[in-house]
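Taking it in order: structure first as structure tokens, then the write-up.
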Amino acid sequence: MCDCKDEKIRALDEVLDSYGHDSGNLIGILQKTQDIYGYLPADIIYYVAQQTGISPAKVLGVATFYTQFRLEPVGKYLIMLCKGTACHVNGSDRIEAAVTAELGIQNGETTKDGLFTLKNVACLGCCSLSPVMMINEETFGSLTPDKAISILNDFRKREEETA
Amino acid sequence: MRVIVGQGSCGIAAGAGKVYNALEKLMNDQDSFKLGITGCIGMCFLEPIVDIYEGEDLKARLVHVSENDADAIVNAVRNNDIASLSGLFIKDEDKSFLDQQTRIALRNCGIIDPTDINSYKARDGYKALEKVLKMTPEEVIEEVKTSGIGGRGGAGFPTWFKWNAARSSKGEEKYLICNADEGDPGAFMDRAVIESDPHNLIEGMLIGAYAIGAKEAIVYVRAEYPLAIIRLDNAIKQAKEAGLIGENILGSGFSCNIRYMAGAGAFVCGEETALIESLEGKRGMPRLKPPFPAVAGYKMKPSNINNVETFANIAWIINNGGEAFAAMGTEGSKGTKVFAVTGKVVRGGLVEIPMGQTLRHVIFDIAGGIRDGKQIKAVQMGGPSGGCIPERLLDTVIDYKALSATGAIMGSGGMVVMDENTCMVGMAKFFLDFTSKESCGKCVHCRIGTRRMLEILTNIVEGKGKEGDIELLEELCLSIKDGALCGLGQTAPNPVLTTIKYFRDEYEAHIKEHKCPSKECRDLLSYVINPDKCKGCTLCARKCPVQAISGETKQPHTIDQSKCIRCGQCIQGCKFDAISIE
Ligand SMILES: Cc1cc2nc3c(=O)[nH]c(=O)nc-3n(C[C@H](O)[C@H](O)[C@H](O)COP(=O)(O)O)c2cc1C
Ligand code: FES
């Protein structure tokens, strides 16, 4: 292992500098921290607290209040399955059943191979194409259980090919 | 000629990015036509959409375009033979979706290039700001008062009144905030405005800032809208370069900076005081009012918060006069309103119409009615704070008071249409599941009350409902409405109250007969194979994700009810119509 740990800390220091170590910017700081680490590791929460002068409990309080923040690492592909109103009416429950059965995980869990994490969200703003899911930055609309599973298989294939 | 690809979030999800790339690849230096992008025209059911312009004239609108059509498009444009694309032309009945609308807030959406300030300027962009900077702030507020516009974030509170209150508040340091948190799951008009016409939002905000005397303006935008954030960021930079944001704007002496902050996923942060807490870097817990934000808001300084759509109307009002706006709508609700029509309709998308038209007109004449020849049951308006309006009340006109009288609310404009197969108890449970998770936990009524309601509703849809549950729900609803601290809790009972009011029979069927009349509640259903119809093709057994179906080839199959997860995949796959839901 290289000195990538230090690299991350350096990146975080830059973030803290750009936000002026200001407590009013805590949410922005945590968002950037999560971009760097993929989640919010416990020791980093302490580090941010120390650097901003906010108590660790308060930082953790903010981190746990907002659904965007994660305290554990996620899989390579984050599946955001929409459970908003329009998607609900158009059958998102069936999509969820198919995805959970296919991957063997529930909402919030990660597959053993570390490939997929499933997260239910409330509306991705593409309601006209409901039911919808987003995998990393890509949005997939007009899903059926079959289509959802074949999308997952496409990701798996992509993975095998690059491996 | 110009070939313009619609690149809003829904267009991209439908494949507009691939279409654009395919077109770009085929073009060469000799080509005299230009390739460009626009935002979301609101006809999401037709995405991806490609428009062909000659000068400012729309020569053709192509719909459901795929990357495989790129060749044909490029050839047609090169040979000036647009007619060869007629297979992709928008159909007349789909055109009527737009033709029946009156667009003010969305006037530029799907027409201009949202990444180019000049494209906005070419359509009178920033003219209203120029005009305003020659008026007094009081005159601006007066013009907004004449327009009669009410806040589009849900409550419809008169905008001029809020501006005037913030202006009259003591103190030099004031803030203008734009609420772009768009929490109602099923509404996406604010996303469309930011993605498709960000300068219109910026212009509206600058006018508001001038009116109240704010030197700093902030947009609080939902984190789930990455594209909107990119376009907004770009637009703010362009406006700064053009001297429209910053010190001494257009030489007027007025200075205002605009920045944005991305939310982090919490519905309650759409509530204005919770939003302010979040802006300050804290947990998004609502504050007790009064003091109102106009007196003590962001950093405890006088602040004014408006919704994206509210700001999107302001430049138009200044350019065309408040009276032109007030000429549309009803006595109590002026101007137009944007709705995100989704659910079981034929044509889902954004609809902007003058207030005063009926719900039936929106759902049937504009959105084309219900898909697959089914019957409409209800329409949900106002999201988790709103309610379900039944079919028999669809002649209700769009007006704040008239809608509130049904038990629903105007809300931010989410309109989710439900057909005969949607279970209304399931719908109520869906919303309570949402509000109980999103309750910030500060007050007991909301935190515990919504939980208890969810438990009762869960029992009912699982067939474990008891006699008296409906009455208990009603009692809980009323005490939560009275006792909750903020709008989230105060309105959370609305979906339950309206479904009980209009669909009590469905509740009773679940409780007394353990039946779901809409055949949606999974625990009350069983999937069965009709042995007379089953040909033993094995398709369903292969499709079943949990291996609940067994049988010999060419022999009738059976479903093991203890394994079945009721996902419905077997029924969708069966070619012999042999599987039914009991
Ligand atoms: C729980 C809750 C959620 C809300 N969510 C939003 C929202 O997502 N967007 C919005 O503009 N207003 C929302 N509001 C309304 C705001 O509190 C506020 O009234 C509004 O932003 C004022 O702007 P307007 O006067 O232009 O409508 C919400 C209110 C409550 C109680
Ligand atoms: S409800 Fe799923 S995208 Fe809006």
Side-chain angles (χ1 to χ4, degrees), chain A residues 19 22-31 34 52 54 58-59 61-69 80 82-102 120-130 132 134 137-142 144-146 149, chain B residues 9-10 12-14 44-45 47 182-188 191 222-226 228 261-267 278-285 299 340-344 348-349 380 383-384 414 416-418 422 427 430-431 434 438 440 522 543 545-546 565-569 572-573:
Chain A
Y19 280 104
D22 179 4
S23 63
N25 293 327
L26 180 59
I27 292 172
I29 293 172
L30 292 180
Q31 282 167 336
Q34 183 158 290
T52 49
I54 312 171
K58 280 226 168 109
V59 178
V62 169
T64 51
F65 185 84
Y66 296 97
T67 52
Q68 192 189 27
F69 297 123
M80 294 205 272
C82 181
K83 303 274 287 183
T85 320
C87 290
H88 170 80
V89 169
N90 281 323
S92 58
D93 282 353
R94 283 195 289 117
I95 310 300
E96 188 185 9
V99 171
T100 51
E102 174 69 23
N120 291 345
V121 296
C123 193
L124 295 163
C126 292
C127 321
S128 308
L129 302 173
S130 57
V132 177
M134 202 170 181
E137 296 281 281
E138 219 175 321
T139 310
F140 302 91
S142 311
T144 61
D146 275 349
I149 289 171
Chain B
S9 283
C10 24
I12 293 173
C44 312
F45 61 104
E47 296 286 359
E182 190 148 70
D184 171 4
F188 53 93
R191 168 182 75 67
R222 253 185 118 202
E224 287 88 341
Y225 290 172
M261 168 177 162
F267 172 66
S278 185
L279 273 181
E280 292 175 356
K282 296 182 248 172
R283 288 163 74 96
M285 307 270 231
K299 296 188 179 166
V341 187
T342 60
K344 303 285 191 178
Q380 211 284 341
V416 183
V417 180
M418 293 166 266
T422 311
M427 209 59 214
F430 166 82
F431 280 115
F434 181 85
E438 295 294 339
C440 77
R522 284 207 221 163
K543 279 214 153 185
V546 291
I565 57 166
R566 301 170 186 94
C567 67
Q569 293 214 45
Q572 283 184 348

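This is a predicted model, so every value here is computed, not measured. Atoms considered below: every heavy atom in the structure, side chains included; atoms not considered: hydrogens, waters and symmetry mates. Residue numbers start from 1 in every chain, and the chains themselves are labelled A, B, ... in the order their sequence lines are given, proteins ahead of strands.
By number of non-hydrogen pairs under 4.5 angstrom with chain A, the leading residue of B/Lys299, B/Arg522, B/Glu438, B/Glu224 is B/Arg522. With chain B as the partner, the residue from A/Asn90, A/Leu26, A/Thr139, A/Ile95 showing the most heavy-atom pairs under 4.5 Å is A/Asn90. By number of non-hydrogen pairs under 4.5 angstrom with chain B, the leading residue of A/Val89, A/Thr144, A/Thr64 is A/Val89. The choice from B/Arg566, B/Arg222, B/Glu47 that makes the most heavy-atom pairs within less than 4.5 Å of chain A is B/Arg222. In terms of heavy-atom pairs under 4.5 Å with chain A, the best-connected choice from B/Cys44, B/Pro384, B/Ala14 is B/Cys44. Among the candidates B/Gly573, B/Cys440, B/Gly183, B/Ser278, the residue making the largest number of heavy-atom pairs closer than 4.5 Å to chain A is B/Ser278. Chain A forms more heavy-atom pairs under 4.5 Å with one residue of B/Gly348, B/Gly343, B/Gly349 than with any other, namely B/Gly343.
Using a 4.5 Å cut-off between heavy atoms, B/Gln569 contacts chain A through its side chain alone, with no backbone atom that close. For B/Leu279, the part sitting under 4.5 Å from any heavy atom of chain A is the backbone (N, CA, C, O) and nothing else. For B/Ala340, no part lies under 4.5 angstrom from a heavy atom of chain A. For chain B, no part of A/Asp22 is nearby; none of its heavy atoms comes within less than 4.5 Å. If you measure heavy-atom distances from B/Ala228 to chain A, you find no contacts under 4.5 Å at all. Only the side chain of A/Ala101 comes within contact range of chain B, with heavy atoms under 4.5 Å apart. For A/Ile149, the part sitting under 4.5 Å from any heavy atom of chain B is the side chain, from C-beta outward, and nothing else. Of the two parts of B/Phe267, neither the backbone nor the side chain holds a non-hydrogen atom closer than 4.5 Å to a non-hydrogen atom of chain A. Contacts of A/Met80 with chain B are absent, with no heavy-atom separation under 4.5 Å from either backbone or side chain. Looking at A/Ser130, neither its backbone nor its side chain comes within 4.5 Å of chain B, counting heavy atoms on both sides.
A distance of 3.5 Å separates CD in A/Glu96 from NZ in A/Lys83, rounded to the nearest 0.5 Å. A distance of 3.5 Å separates CZ in B/Phe188 from OG in A/Ser128, rounded to the nearest 0.5 Å. A distance of 7.0 Å separates CE in A/Met134 from OG in B/Ser9, rounded to the nearest 0.5 Å.
Contact of the B/Met261 side chain with the A/Gln31 side chain is not registered, since no non-hydrogen atoms from C-beta on lie closer than 4.5 Å. Side-chain atoms of B/Glu182 and A/Cys123, non-hydrogen and from C-beta on, never get closer than 4.5 Å to each other. Residues A/Val132 and A/Leu129 are in side-chain contact: their nearest non-hydrogen atoms beyond the backbone lie under 4.5 Å apart. Taking the side chain as every heavy atom from C-beta outward, B/Phe430 and A/Thr85 approach each other to under 4.5 Å.
Other residues, nucleotides and ligands contribute only 12 or fewer heavy atoms inside 6.0 Å of the NZ atom of A/Lys58.
Proximity of a side-chain donor or acceptor of B/Arg191 to a complementary backbone N or O of A/Cys126 within less than 3.5 Å is not detected. Side-chain N or O atoms of A/Gln34 include none that pairs as donor or acceptor with a backbone N or O of A/Ile29 at under 3.5 Å.
In the model, A/Thr52 has no side-chain atom that pairs as donor or acceptor with a side-chain atom of A/Tyr19 under 3.5 Å.
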